[in-house]
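Some notes on the structure that comes next.
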Amino acid sequence: METGRETAIRDNDLSRRGPTPAAVARRYRASQRLKAVAGLIGLCLLLWILTPHFLTVANALNVMEQTSINAIVAVGMTFVIISGGIDLSVGSLVALSGVVLASALKSGWPIPLALAAGLGVGAATGLLNGVVIAFGRLPPFIMTLGMMSVARGAALLVTDGRPISGFDAGFRSIATGRVFGVPAPIVLTLAIYAVAHFVLSRTRFGRYVYGIGGNEEATRLSGVNVRFHKTMVYVVSGVTSAIAAVLLTARLNTAQPIAGIMYELDAIAAVVIGGTSLSGGEGNLGGTLIGALTMGVLRNGLNLLGVSSFLQQLVIGMVIIVAVLVDVLVKEKRA
Amino acid sequence: MIDHAPGTPVLEMRGIRKVFPGVVALDGVDFDLRAGEVHVLLGENGAGKSTLMKILSGAYTKDAGDVFIDGAPVSIGSPRDAQSLGIATIYQELSLVPQLTVAENILLGHEPSRAGVIDRAAMRDAARRSLAEVGLDLDPDRRLDRLGIAEQQMVEVAKALFRRARVLVMDEPTSALTAREIDRLFDVIRRVTAAGVAVVYISHRMRELAEIGTRVTVLRDGRAVGTFPLPETSFDALIRLMANREVRDHFPRRRCKAGDELLRLEHVSGPSGAPRVDDVSLTVCRGEIVGLAGLLGAGRTELARLVFGADRPSSGRVVVSGRDVTPKTPRQAIAAGIGFLPEDRKRHGLVLMRSVGENIGLPSLARWSRAGVVSGRTEHETAERWVTELRIKTPTVAERVVRLSGGTQQKVVLARWLAADASLLVMDEPTRGVDVGAKVEIYELMNRLTDAGAGILMISSELPEVLGMSDRIYVMRHGRIQAELDAASASEERVLQAALGLAS
Ligand SMILES: Nc1ncnc2c1ncn2[C@@H]1O[C@H](COP(=O)(O)OP(=O)(O)OP(=O)(O)O)[C@@H](O)[C@H]1O
Ligand SMILES: [Mg+2]
């Protein structure tokens, strides 16, 4: 019944068509790393052609400074999204932490104490988010959406809806100072990225964040205190929002209860453009930094081109949709 | 039905090549399938069986090679293409919609309708006809999630037949079925092949080969190394061919003297709220392998979860080395030296998007870190060690687990608990989906662990495995311990009688 051809052990011809594994691996790694960077470089080239003013040292520093606030908020957002959650309250938290910090400064608190108050409010609000999400099992979307309104309301109540402005130079130097000639906000941002990157890639907490986002139940069954670490992720997000608030307040010399509106959008966009998966378990801060820079360059370019702020909003929204769409399509093809 | 002389190939795959980053999964595989046959694909974990079938079903695209249906070249770019060519795949993870009814599932996307309104009566009739074809007498209006896993699988077969599938691919379909359900599935397979459907069947269970297979193709390291008629080809020859070395399919249990008591359960019931486990008391000593037998749904997995703190008992105590540890969380259980190999490794075991190393290290990170900072070196070296020791087939320890073959993933979970130095291992179906050679390796490893003074509580639905590897056997039924047997005097009949609740 069987022919000899079938029963013989076939020796396979090695020189068949098709790529080698090493080549596929190389191509794959390169595509992963380059996607976000290529987008950023392409955008810069485009703007360079369109407006000569874009590629100057002054403008480059300007872009980075302006990016720093979103970049810092996006650090916490990266933690949250990798853990499989979302934090919509970051913008309101920037406002709340800012006005608390400003009131403390205005009532004559020493700067370190006022900073502690601002950061403390951020951490506490994040803690509340985290506890309700992790222990109360509320979906992160709902909890932080609610908190978005709660924190905004609190900021308005604290200030009676009025901005608080006029701080002494010592405080403002957080935003205006320079470290070895580099603007302080840039240094601060890079420092935060370095620390956060270390935490995410080298510490237990970091590993657990990826684990929880990738498979919460399997992580729990590996003996990880999932609720605690999930809570901490929102604390991180609260703290980075508060740090952004410090920078914003120092730069503008004003704390506005209506500051930070739509910051969640920019932060989520930075994270997603940076290649972090919205379904959790994957991503890194290097990508987020590139994503934040991309957003910054885009806004800066639109300004230089004299695009109206209404149109800017529309363009940026579309860029986000396209970025995520590309990501989804690429993933689908890869599978 | 299908106008083929028996023996004509319905499907031919020629020179199929598929490369993933770091691995050649398929290296020029030829495969052909005849109408009415059950063609078994046999090979070690990671040999490329699932990959070949995923290319056929449109889940992956091939890098080189050709596919012919009825001798004509076809291109399969998506699962849709495969479906319209009459190729249906039944994975171990079912792809039905649990909230819909049986009929709705079978006709999904092909609902008979009049002026846009679904004709429910016609739908029910069509579903009933398809169910009859597989010999299943089911109410088409039952919701799918009310059915057992075996029935759901058969609904999938019915669905495939409704779509006029001519090629039916089954990738390890029996791993979650009981013996009786396997018999029923085989009846269905015989029925559909009699009607001319060609079946590709993947399994690591040699017994099933002889029972259902017409021919077998052996894959090794991405190459087809031979096709043979069944059942006349000897298992030993097949196993030697697939492993490329001498492997004996046997149970190498070395019994050692049972030591001090390691685990004692005292009247454990639970989980709280829904007691599936009812007043269970048992012991496991150092150096002992204790088997937990019973039918599917007897409460064995539930008991394992209680021991490990995955669920909370409503009453009773878990005592480890004389200390009451009754764990409320897995963390407490791990601290008491317990490790747990879950039955469903994808859901409860692995973080699929993360690396082999990270998955192995997850429960041990606390020991490997100082001030919260993980020692990358310890993590890497330990992972490397276990990857070598268990012969885990992965390009590097940095490879994501999602890219490993099914049986290889199982070994990663095992490596995790070995790395964590667990002194009591609760293993729920430890060799499910694992190839013959690796199975024997896992048994040897269990020997070594018990030699070193560990205790193992092993749940298994494979009676030969329970009898071959255990020192003592508890049989569960309806959440209770029905019998305790000494392995030396136990037999398949006695275990089965106890599992079924017949007088013994
Ligand atoms: N999506 C993927 N990405 C990268 N590598 C993959 C992917 N899928 C499979 N592989 C690799 O291809 C090889 C063949 O895997 P495959 O799943 O086909 O094995 P298998 O024969 O089905 O094994 P098992 O019996 O364990 O299920 C393995 O080395 C596996 O790691
Ligand atoms: Mg497989």
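Chain identifiers are assigned alphabetically (A, B, ...) following the order of the sequence lines, protein sequences preceding nucleic acid strands; residue numbering begins at 1 within each chain.
Using a cut-off of 4.0 Å between Lys/Arg side-chain N and Asp/Glu carboxylate O, A:Arg207 and B:Glu379 are scored as salt-bridged.
Side-chain atoms of A:Arg220 and B:His348, non-hydrogen and from C-beta on, never get closer than 4.5 Å to each other.
Of all the heavy atoms in A:Ser222 and B:Arg416, the pair that sits closest is OG-NH1, 3.2 Å. Of all the heavy atoms in B:Val351 and A:Gly214, the pair that sits closest is CG1-CA, 3.6 Å. Closest heavy-atom contact between B:Arg347 and A:Glu217: O-CB, 4.1 Å.
Judged by distance alone, the side chain of B:Arg354 and the main-chain N or O of A:Tyr210 form no donor-acceptor pair under 3.5 Å. Between the side chain of A:Asn215 and the backbone N or O of B:Met353, no donor-acceptor pair lies under 3.5 Å.
Note that CG of B:Leu362 is 6.5 Å distant from OH of A:Tyr208, once rounded to the nearest 0.5 Å.
Contacts between B:Ala335 and chain A at a heavy-atom distance below 4.5 Å are absent for every atom of the residue. At a 4.5 Å heavy-atom cutoff, B:Leu352 makes no contact with chain A through either its backbone or its side chain. There is no contact between B:Trp368 and chain A, counting heavy-atom distances below 4.5 Å.
Between chain A and the residues B:Gly372, B:Ser375, B:Ser369, B:Pro342, the most heavy-atom pairs under 4.5 angstrom are made by B:Gly372. If you tally non-hydrogen atom pairs under 4.5 Å between each of B:Ala25, B:Ala366, B:Gly376, B:Pro395 and chain A, the highest count goes to B:Ala366. Of the listed residues (B:Thr217, B:Ile334, B:Val373), the one with the most heavy-atom contacts under 4.5 Å to chain A is B:Val373.
Atom CZ of B:Arg245 is surrounded by more than 12 heavy atoms from other residues, nucleotides or ligands within 6.0 Å.
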Show which side-chain atoms of residues 195-203 of chain A pair as donor or acceptor with protein atoms under 3.5 Å away, not counting sequence neighbours.
| from | atom 1 | to | atom 2 | distance (Å) |
| --- | --- | --- | --- | --- |
| A:Ser201 | OG | A:His197 | O | 2.7 |
| A:Thr203 | OG1 | A:Val199 | O | 2.5 |
| A:Thr203 | OG1 | A:Gly206 | N | 3.2 |

Checking B:Arg331 against A:Asn225 for the side-chain contact (heavy atoms from CB on, under 4.5 Å) test, could you report, in this order, the C-alpha distance in whole Å, the side-chain angles of both residues, the deciding distance, and whether it holds? CA-CA 7 Å; B:Arg331 207 150 62 101; A:Asn225 189 340; 3.4 Å; yes

